[in-house]
There are 2 protein chains.
Amino acid sequence: MIFGNLIDTNQFDLKELLADIQKIKINESLAKHHLLHREGTICNHLFIVEQGMVRSFYYKDGKDITAHFEMENGLITAIDSFFQRKPSRYNIELLEDSVIGFISSADLANLLKEKPHYEKYMRMQIEQIYIDLVDRIENLLFHSAKERYDNLIANQPLLLQRVNLNHIASFLGITQETLSRIRKAP
Amino acid sequence: MIFGNLIDTNQFDLKELLADIQKIKINESLAKHHLLHREGTICNHLFIVEQGMVRSFYYKDGKDITAHFEMENGLITAIDSFFQRKPSRYNIELLEDSVIGFISSADLANLLKEKPHYEKYMRMQIEQIYIDLVDRIENLLFHSAKERYDNLIANQPLLLQRVNLNHIASFLGITQETLSRIRKAP
DNA sequence: TTCCTTTTTTGACAATTGTCAATGGAATTC
DNA sequence: GAATTCCATTGACAATTGTCAAAAAAGGAA
């Protein structure tokens with residue numbers, strides 16, 4: 001998801017929001033493999049990928065499953081934890097050396113309390129995430145592994161150059177072997 | 001999704017919201033097969049199922065695919081349209097004679113304008129929908145057709161008594177034939 | 001470079017699910 | 001209650017994807 005991609009009738013408010021976000025954001029350079037968030041803990045930050053590549057993942061029957069990728073300008077957090085303040089099932093990891101913007105949930109909550117009309121943008125943001133997820137469900141339900149892979153490279157061609165295939169495979173819901181064969185096929 | 005299931009630190013606000021919702025809601029009794037919303041149009045209502053059973057569905061390669069079921073106390077709308085005011089891909093249909101509460105998007109927008117702190121509940125509502133969807137994705141990715149079916153009857157046992165199996169099958173992402181064989185199996 | 005680790009590919013086989021065609025049964029309508 | 005439509009099951013076969021084991025290729029560290 002990307003802040004500022006929102007369509008709004010009130011561009012003033014949106015600009016003001018983005019400026020206010022800048023004020024509470026802290027950037028940090030971090031190395032590949034760094035964990036921004038660890039499962040079982042409550043996630044207290046919204047992360048903005050200023051530079052680099054990040055994924056969220058979790059373990060299912062001992063297997064590492066990628067739930068989501070984000071790169072430049074993307075927003076990411078442990079969505080099951082950040083808003084509801086519950087321990088998360090997700091880990092968030094850097095796949096490259098990256099520059100990450102941290103927004104603490106406390107600062108964001110204060111901002112929303114101070115300016116409740118910003119809730120609207122939070123809602124819109126989540127609506128967008130929701131719509132992306134619906135696409136993903138349809139993709140899983142109605143497309144073969146090959147079609148899902150083709151969709152991915154059509155929509156996110158950069159991903160393949162920057163991310164290991166085992167992560168791509170788990171993201172697509174297939175085994176690494178199947179992905180390998182799909183890529184080989186004519 | 002169900003309004004009023006929200007966890008909140010400020011029960012006063014939530015009660016007030018529910019009362020305000022009551023004021024803008026209009027109930028209507030409608031017969032089985034009635035379409036609450038038709039694809040290609042913009043959905044101007046949030047529907048509350050007071051009594052009965054409702055599904056949203058769409059057509060994929062000519063096949064009727066159920067996206068969602070709602071029964072008593074559930075909220076349903078064309079989620080791709082209601083908030084973003086775009087033509088929807090979904091239809092919403094009554095599977096039984098039902099009593100449906102209509103909340104117009106204009107009335108809701110006015111309410112949110114008048115009391116912007118309600119945006120928070122809209123956001124929470126959508127977060128809940130999001131979390132349900134994530135569950136559904138995981139279910140599709142990591143469970144066999146039989147496991148998905150077993151999960152469904154464990155979580156929504158009433159559904160089977162009230163809904164045709166072809167709708168259940170498309171909701172689970174399998175063919176009717178496969179569902180039939182799963183049900184037969186020991 | 002050379003070694004070591006990680007990532008990717010390949011092969012053989014099994015399990016799951018889909019497709020198409022036909023049949024059986026239940027519910028609805030006239 | 002007979003006819004019609006809708007819904008559900010079954011059979012035979014094909015296609016897709018998974019599993020397990022091994023080999024090859026690529027990438028990093030010393």
Side-chain angles (χ1 to χ4, degrees), chain A residues 31-35 52-53 55 57 59-66 69 91 93-97 136-153 158-186, chain B residues 31-35 53 55 57 59-66 69 91 93-97 136-153 159-186:
Chain A
K32 182 173 176 172
H33 299 307
H34 180 85
L35 268 192
M53 175 70 75
R55 70 168 182 136
F57 68 101
Y59 292 98
K60 186 83 182 183
D61 304 329
K63 281 181 230 161
D64 165 331
I65 308 292
T66 294
F69 297 107
N91 299 278
E93 176 194 53
L94 304 189
L95 297 177
E96 301 174 352
D97 295 348
R136 187 146 173 235
I137 287 195
E138 279 191 29
N139 207 22
L140 290 170
L141 283 175
F142 304 115
H143 296 286
S144 66
K146 170 149 183 52
E147 288 169 324
R148 278 179 267 159
Y149 173 75
D150 290 342
N151 283 345
L152 186 68
I153 58 176
L158 290 175
L159 217 53
L160 284 156
Q161 296 161 28
R162 298 172 70 177
V163 173
N164 287 341
L165 291 180
N166 57 343
H167 295 150
I168 305 267
S170 72
F171 180 70
L172 292 174
I174 57 179
T175 60
Q176 184 162 298
E177 293 94 327
T178 296
L179 178 57
S180 180
R181 289 178 181 120
I182 282 168
R183 283 161 56 81
K184 188 110 197 236
Chain B
K32 182 173 177 172
H33 298 308
H34 179 85
L35 267 193
M53 176 70 75
R55 71 171 183 133
F57 69 100
Y59 292 97
K60 187 81 183 183
D61 304 329
K63 282 182 230 161
D64 165 330
I65 308 291
T66 294
F69 296 107
N91 299 278
E93 174 194 54
L94 304 189
L95 298 177
E96 301 173 354
D97 296 349
R136 187 146 172 232
I137 287 194
E138 279 191 29
N139 207 22
L140 289 171
L141 283 174
F142 304 117
H143 296 286
S144 66
K146 169 148 183 53
E147 288 169 324
R148 278 180 266 158
Y149 173 74
D150 290 342
N151 282 344
L152 185 67
I153 57 175
L159 219 53
L160 284 154
Q161 297 160 28
R162 298 172 69 177
V163 175
N164 287 342
L165 292 178
N166 58 341
H167 296 148
I168 304 268
S170 72
F171 179 70
L172 292 174
I174 56 178
T175 60
Q176 184 163 294
E177 294 94 327
T178 296
L179 179 56
S180 180
R181 288 175 181 122
I182 283 168
R183 283 161 56 82
K184 189 109 196 238

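Not measured: the values here are computed from a predicted model. Just so we're on the same page: letters track the sequence lines, and every chain starts at 1.
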### Message
Tell me if the side-chain of A/Glu177 makes a donor-acceptor pair with the base of D/dC20, cut-off 3.5 Å, by modelled atom types.
### Response
yes
### Query
Has the side chain of A/Glu147 got a donor or acceptor atom that lies under 3.5 Å from a matching backbone atom of A/Ser144?
yes
### Task
Select one nucleotide: of D/dT17, D/dG18, C/dT17, the one nearest the side-chain heavy atoms of B/Ala145.
C/dT17
### Query
What's the CD-P distance between A/Gln176 and D/dA26, to the nearest Å?
15 Å
### Task
Establish, with yes or no, whether the OP1 or OP2 oxygen of D/dC6 is under 4.0 angstrom from a side-chain nitrogen or oxygen of B/Asn164.
no
### Summary
A/Tyr149 OH to C/dT9 P, in whole Å, measures 9 Å
#### Entry: Donor/acceptor link under 3.5 angstrom from A/Arg181 side chain onto base of C/dG11
yes
### Task
Check whether any side-chain N or O of A/Arg162 sits under 3.5 Å from a backbone N or O of A/Gly52 as a donor-acceptor pair, and report yes or no.
yes
### Message
Main chain of B/Lys32, side chain of B/Asp97: is a donor-acceptor contact present, judged purely on distance under 3.5 Å?
### Response
yes
### Query
In whole angstroms, how far is the P atom of C/dA26 from the CG atom of B/Asn166?
17 Å
### Query
Tell me: CG of B/Leu179 to P of C/dT19, nearest whole Å?
15 Å
### Task
Give the nucleotide from the list C/dT8, D/dA8, D/dT17 with an atom nearest to the side chain of A/Leu165.
C/dT8
### Task
Can you tell me the distance, in whole Å, between the CG atom of A/Asp61 and the P atom of D/dG18?
14 Å
### Query
What nucleotide, of D/dT17, C/dT9, C/dT19, holds the atom closest to the side chain of A/Arg183?
C/dT9
### Task
Please check the phosphate of D/dA8 (OP1 and OP2 only) for any side-chain N or O of B/Ser180 closer than 4.0 Å.
no
### Message
Just checking A/Lys63: does its NZ atom have more than 12 heavy atoms from other residues, nucleotides or ligands closer to it than 6.0 angstrom?
### Response
no
### Query
Starting at NE2 of A/His33 and ending at C1' of D/dG27, how long is that distance when rounded to a whole Å?
11 Å
### Query
When you check the phosphate oxygens OP1 and OP2 of D/dT16, does a side-chain N or O of A/Ser144 lie under 4.0 Å from one of them?
no
### Query
If you look at every strand shown and take non-hydrogen atoms under 4.0 Å, does B/Ile174 touch a base, only sugar-phosphate, or nothing?
sugar-phosphate
### Query
D/dG18 P sits how many Å from A/Ile65 CD1, rounded?
11 Å
### Query
Do side-chain atoms of B/Ser170 reach the backbone of B/Thr66 as a donor and acceptor pair under 3.5 angstrom?
yes
### Task
May I have the distance from A/Lys32 (atom NZ) to C/dT7 (atom C1'), rounded to whole angstrom?
11 Å
### Message
With a 4.0 Å limit, can you tell me whether A/Thr178 has a side-chain N or O closer than that to the phosphate oxygens OP1/OP2 of D/dG18?
### Response
yes
